[in-house]
Amino acid sequence: MGTNRVVVVGAGVGGLAAALELSAHGLEVLVVERAAQPGGKMREVAAGIAHVDAGPTVLTMRWVFDELLATAGVALDDVLTLRPAEVLARHAWDAEQSLDLYADESRTADAIGVFAGAAEARAYRTFAERARRVYRTLEGPFIRADRPGPLELVRRTGWRHLDDLWRISPFTTLAHALGRHFRDPRLRQLFGRYATYCGSSPFLAPATLMLVAHVEREGVWLVEGGMHRIAHALAKAATERGATIRYRTTAAAVRVENGRVAAIELDTGERFDADAIVVNADPGAIASGRLGSDIAAAVTAVPRSARSLSAMTWTCVAKTAGFPLTRHNVFFSRDYRAEFEDILERGSIPADPTVYVCAQDRDDRGVSSSAGPERLLCLVNAPPVGDARRFEPLEVARSEADMRATLARCGLRIEPHHKVATTPADFERLFPDTGGALYGRASHGWAASFRRPAARTRIPGLYLAGGSVHPGPGVPMAALSGRLASRAVLEDRGAL
C-alpha cells in the first residue's frame, strides 16, 4: 500500500457515508461525482422555480444517521431538523374508503377496527408483533453485518434461535403471509405494498419484508427543507473532516496493478493513485465495463429478469382539491395482482396503477406551508426496460392520464402549473446499466438478498456501496452499505 488515499466514486448516500467515516479515521479521501450536487438518487428536480424531492421521500431508521455522524463527532440534530410523523401515510381505494396508519400501534389498530372491523384490528396486532420479531431477528446478524450466506446467517443467529429464523418465513411470499393474517383484501393490498419499498412484487417477495411495517412504526421522520438536505449534511461533515469532493467529475476507469486496485483515471485524463476505491454505483455499471475493463469481472451483473422495479414519476407544482392530502399518500389500483402482471410479465406501465403522492409542503397532519400551488411527487411503478426502449411522448401522456384517473377515482384533483416527467429511460440515463431499475436486484425468492454484492469484491482494494448492494435499498440501508464498505477498508488496512 503506497498511499494513504481512498477514492470514492459517486456521492450518493452510500458513498458519502463511506467518505465521512474514512475521513473521520484520518484517511485522505477523494470523492468524484459526475453530477453537480451530492445525493445520487436522492435528487431534486426543478419544476418552474420550485425544487421538488424526486427520489426517496421517506426517512426511517434514524439511528443509522445518529451513529454515522457520531463517528465524526457530530450530532444529527445539529445538522438537520427532523420531526417524527404521527401519521405515517394516508391510503385510499376510492372517494369513500381511506385509512391512515399511525406511529402509535394502538391508534392504528383502532383505525383498522373502524375501517374493517374488530377481527381485522386484532389481526393487525398479531401482524405487528410478527413484523417486530422479524426485524429483531435480522437486525444484528443481517442488516448491520457483512453480507452472510444462509449458513452464516444461521451461525450468527445461533443454533438455539433456529425457531426465530424459521418464524421470519423466508420461503413464504409476503402476499401469502398477509392472506393468513387479514381477510380484508384492502389490508392485504396495503401491507403488501411494503414489497415495493425494495422494488419488488408482494406476490414474489418473501414474507420477511413485513419487517418494513415495524421499521416505519419505529419512526418516520420529516426532514425540514427536503430529503436532499441529508446528502448535503453528510457531504459537509465529510469535507469538514478533510475529504475532498469533486462535482461534475466523471470516473473513466479503475486501474488494477499487481492484482489489486492502484488508481482511478478521470475522463479529463487525470490519474489518482489509491490504496482503496469504493464504488457507489450500480454493479451493472462495473460489469459492463463502464469503469474500465480491469474491474469488469469483479461483480456479476443483475440479469434483466431479476431487476427491481423502475418508475414513472411526475414532479410538479400544482393546485390540489378534493382528497385531504397528508405528507405521504397512496391511492390503490382496483387489481393489485394485475398491476404487477402488467409490469413484470408484459413489460408495460399499468393502465390502472397504484399512485404514490408525496405532498412535500404538507406535514403529517395535512397542514400545508404553501398558500398556493404545492410541490408534489407522483409515482407509478414501471418495468425496468429503460435500456431496451424509449418512452414516447404519447405513452408518457397516456400514463399521466391513467395516473390522474386513479387520483380522481379517490377524490383528488390536481392542476399542474409546472411538471417534469421522468421515465425508466430517463432513469437509465441518470443511472446507467440499470434499465432504470431503482433498487438493484428485486427481492424475489428467499435467496435474493443473499445474491446482492457484498462490500468486498473479488479484487483486493475494490469495495462497493449503495442501495444495489447489501444490505439493500432505501436511504438508511444505503448509508449502512457505506459504513460496511468503510469498515472493510479499515479492517483490511489493519486500522480496526
Side-chain angles (χ1 to χ4, degrees), residues 10 12 34-36 39-48 52-56 196 199-201 250 267 281-291 301-318 333 338-357 376-407 414 416 418-442 444 466-468 473:
R34 67 173 184 161
K41 292 186 177 74
M42 187 185 285
R43 63 194 189 98
E44 291 182 314
V45 168
V52 186
D53 278 341
T196 66
S200 305
S201 162
T250 301
D267 62 352
D282 192 276
I286 298 174
S288 71
R290 194 169 291 271
L291 288 174
V302 176
R304 291 191 176 193
S305 61
R307 288 173 174 171
S308 64
L309 300 175
S310 186
M312 279 287 305
T313 68
W314 294 266
T315 45
C316 55
V317 176
S333 66
E339 186 177 344
F340 286 96
E341 289 173 349
D342 282 345
I343 296 170
L344 299 177
E345 296 178 16
R346 301 180 185 91
S348 62
I349 300 171
D352 179 19
T354 292
V355 183
Y356 165 71
V357 176
L376 303 176
L377 170 67
C378 303
L379 181 149
V380 168
N381 290 321
V385 293
D387 55 347
R389 65 181 179 89
R390 297 174 57 189
F391 286 75
E392 301 294 343
L394 184 62
E395 183 176 7
V396 175
R398 185 171 63 249
S399 296
E400 181 182 354
D402 293 336
M403 178 268 293
R404 294 179 69 167
T406 295
L407 300 183
I414 60 174
H418 304 280
K419 65 182 177 184
V420 177
T422 305
T423 73
D426 296 321
F427 284 120
E428 161 67 19
R429 285 189 286 272
L430 288 167
F431 312 110
D433 303 295
T434 64
L438 297 175
Y439 313 88
R441 177 184 286 271
H444 292 161
S468 297

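Predicted, not measured: the structure shown is a model, and the values here were computed from it.
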If every non-hydrogen atom of [X] is compared with every non-hydrogen atom of [Y], which pair is closest and at what distance?
{"X": "Pro303", "Y": "Arg441", "answer": "CD-NH2, 3.8 Å"}
{"X": "Arg34", "Y": "Arg429", "answer": "NH2-O, 3.2 Å"}
{"X": "Ala388", "Y": "Arg304", "answer": "CB-NH1, 3.9 Å"}
{"X": "Cys378", "Y": "Val357", "answer": "SG-CG2, 4.0 Å"}
{"X": "Ser468", "Y": "Gly440", "answer": "OG-CA, 3.6 Å"}
{"X": "Pro383", "Y": "Ser310", "answer": "O-CB, 3.6 Å"}

Quiz item: After noting the C-alpha distance and the side-chain angles of Leu379 and Met312, does the key distance pass the side-chain contact (heavy atoms from CB on, under 4.5 Å) rule?
Solution: CA-CA 6 Å; Leu379 181 149; Met312 279 287 305; over 6 Å; no
Quiz prompt | Within 6.0 Å of CZ in Arg390, more than 12 heavy atoms from elsewhere | solution =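 It does not: Arg390 CZ has 12 such atoms or fewer within range.
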Can you check whether [Y]'s main-chain N or O pairs, donor with acceptor, with [X]'s side chain at less than 3.5 Å?
{"X": "Arg307", "Y": "Ala437", "value": "no"}
{"X": "Thr250", "Y": "Asp267", "value": "no"}
{"X": "Thr354", "Y": "Ser333", "value": "yes"}
{"X": "Arg404", "Y": "Ile414", "value": "yes"}
{"X": "Ser348", "Y": "Asp342", "value": "yes"}

From [X] [atom1] over to [Y] [atom2], what is the distance, rounded to the nearest 0.5 angstrom?
{"X": "Asn381", "Y": "Ser201", "atom1": "CG", "atom2": "OG", "value": "10.0 Å"}
{"X": "Asp282", "Y": "Lys41", "atom1": "CG", "atom2": "NZ", "value": "6.0 Å"}
{"X": "Glu339", "Y": "Leu344", "atom1": "CD", "atom2": "CG", "value": "10.0 Å"}
{"X": "Thr406", "Y": "Asp352", "atom1": "OG1", "atom2": "CG", "value": "5.0 Å"}

Between [X] and [Y], is any pair of side-chain heavy atoms under 4.5 Å apart?
{"X": "Trp314", "Y": "Val355", "result": "no"}
{"X": "Ser308", "Y": "His444", "result": "no"}
{"X": "Leu438", "Y": "Leu309", "result": "no"}
{"X": "Leu430", "Y": "Arg43", "result": "yes"}
{"X": "Asp433", "Y": "Asp387", "result": "no"}
{"X": "Glu44", "Y": "Val52", "result": "no"}
{"X": "Ile349", "Y": "Arg398", "result": "no"}

Quiz prompt | Asp426-Thr423 side chain donor-acceptor pair, cut-off 3.5 Å | solution = yes
Quiz item: Do we get Arg389 above Phe391's six-membered ring, with its NZ or CZ under 6.0 Å from the centre and within 45° of the axis?
Solution: yes
